[in-house]
S.K.: 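Just passing along the structure, written as structure tokens.
Numbering starts at 1 and runs along the sequence shown.
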Amino acid sequence: MASEAQISIIIPVFNRGEVVKATLDSVAKQSLRPLEVILVDNNSTDNSLEVLNNWKQNVEANDFHVTILSETKPGAAAARNRGLKEVKTPYTMFFDSDDIMHPTHAQRIVDAFAKNADIDVVGANVNVKTLSGAKSEYRFCDK
């Protein structure tokens, strides 16, 4: 059940109808269960909201809860803040609507909190593959 989830993943969405399903599918493949996903449509004018609703119908289960919200104030920050109002889990993760999540990412974040009770923030390195195929890694800054 969603109330047992340890982490909520908030994803703001604005006009990402063509790419957001790949992002959402990567979140659905997370090894961590139960899991709470909060999608916030930010006044999309394309088919983003339809994609979100279709995806939710196909993946939602007892151990994978999906909430779809709307935020009329423009900007990813406003959408993230709207999502934060719905969080009932101890931890929150923000994720972008055009990124792909490694299948163990959420589990690794929750495990890091469990091993380090005195920390407030957990981050990870980011691997980037551009449209041209170039790859690079951005290290998480811990300072």
S.K.: Apply side-chain hydrogen bond (donor to acceptor under 3.5 Å, both in side chains) to Q30 and list each qualifying residue two or more places apart in sequence or on a separate chain.
M.R.: none
S.K.: Can you see which heavy atom on A106 is nearest to which on L35, and at what distance?
M.R.: CB-CD1, 4.5 Å
S.K.: Taking side chain as C-beta onward, heavy atoms only, is V13 less than 4.5 Å from V40?
M.R.: no
S.K.: Can D111 and Q107 be counted as having a side-chain donor-acceptor contact under 3.5 angstrom?
M.R.: yes
S.K.: Is the backbone N or O of V66 less than 3.5 Å from a side-chain atom of K56, with the two atoms forming a donor-acceptor pair by type?
M.R.: yes
S.K.: When rounded to the nearest 0.5 angstrom, what is the spacing between OG in S70 and CZ in R82?
M.R.: 8.5 Å
S.K.: Apply the test side-chain contact (heavy atoms from CB on, under 4.5 Å) to residues E71 and N81: give CA-CA distance (whole Å), side-chain angles for both, the deciding distance (0.1 Å), then the verdict.
M.R.: CA-CA 9 Å; E71 174 54 57; N81 286 336; over 6 Å; no
S.K.: Would you check if N54 and L52 make a side-chain contact, meaning some heavy-atom pair closer than 4.5 Å?
M.R.: no
S.K.: Can you confirm whether I38 sits close enough to I11 that some side-chain heavy atom of one is under 4.5 Å from a side-chain heavy atom of the other?
M.R.: no
S.K.: If I take atom CG from residue D41 and atom CG from residue L49, how far apart are they, to the nearest 0.5 angstrom?
M.R.: 5.0 Å
S.K.: Do P12 and N42 have side chains that get closer than 4.5 Å, going by heavy atoms?
M.R.: no
S.K.: Measure from the side-chain N and O atoms of S44 to the backbone N and O of S48, and report whether any donor-acceptor pair falls under 3.5 Å.
M.R.: no
S.K.: Should we count CD of E18 as having more than 12 external heavy atoms under 6.0 Å?
M.R.: no
S.K.: Hey, what do you get for OG (S31) to CZ (R108), rounding to the nearest 0.5 Å?
M.R.: 8.5 Å
S.K.: In a table with atom names and distances, give each donor-acceptor pair under 3.5 Å that connects a side chain of residues 91-98 to protein atoms at least two apart or in another chain.
M.R.:
unit_1	atom_1	unit_2	atom_2	d
D96	OD1	R80	NH2	3.0
S97	OG	R16	NE	3.4
D98	OD2	R16	NH2	3.4

S.K.: What is the minimum heavy-atom distance between F14 and N43, and which atoms define it?
M.R.: CE1-O, 3.6 Å
S.K.: What's the spacing between R33 CZ and F64 CZ if we round to 0.5 Å?
M.R.: 5.0 Å
S.K.: Measure the CG-CD1 distance between D25 and I100 for me, rounded to the nearest 0.5 Å.
M.R.: 8.0 Å
S.K.: Go through it in stages, so that I can follow the logic: the residues are K88 and E36, the test is side-chain contact (heavy atoms from CB on, under 4.5 Å), and I'd like the CA-CA distance, side-chain angles, deciding distance and then a yes or no.
M.R.: CA-CA 9 Å; K88 296 173 184 70; E36 173 83 26; over 6 Å; no
S.K.: For S8 and T89, which I'm curious about, is there any donor-acceptor pair between the side chains at under 3.5 Å?
M.R.: yes
S.K.: If you link ILVMFWY side chains whenever their heavy atoms are less than 4.5 Å apart, which other residues fall into the same cluster as Y138? By chain and number, please.
M.R.: V126, V128
S.K.: Should F140 and V122 be marked as a side-chain contact (heavy atoms from CB on, under 4.5 Å) after you check the CA-CA gap, both sets of side-chain angles, and the distance that decides it?
M.R.: CA-CA 9 Å; F140 179 73; V122 172; over 6 Å; no
S.K.: Distance from D46 atom CG to N15 atom CG, nearest 0.5 Å?
M.R.: 4.0 Å
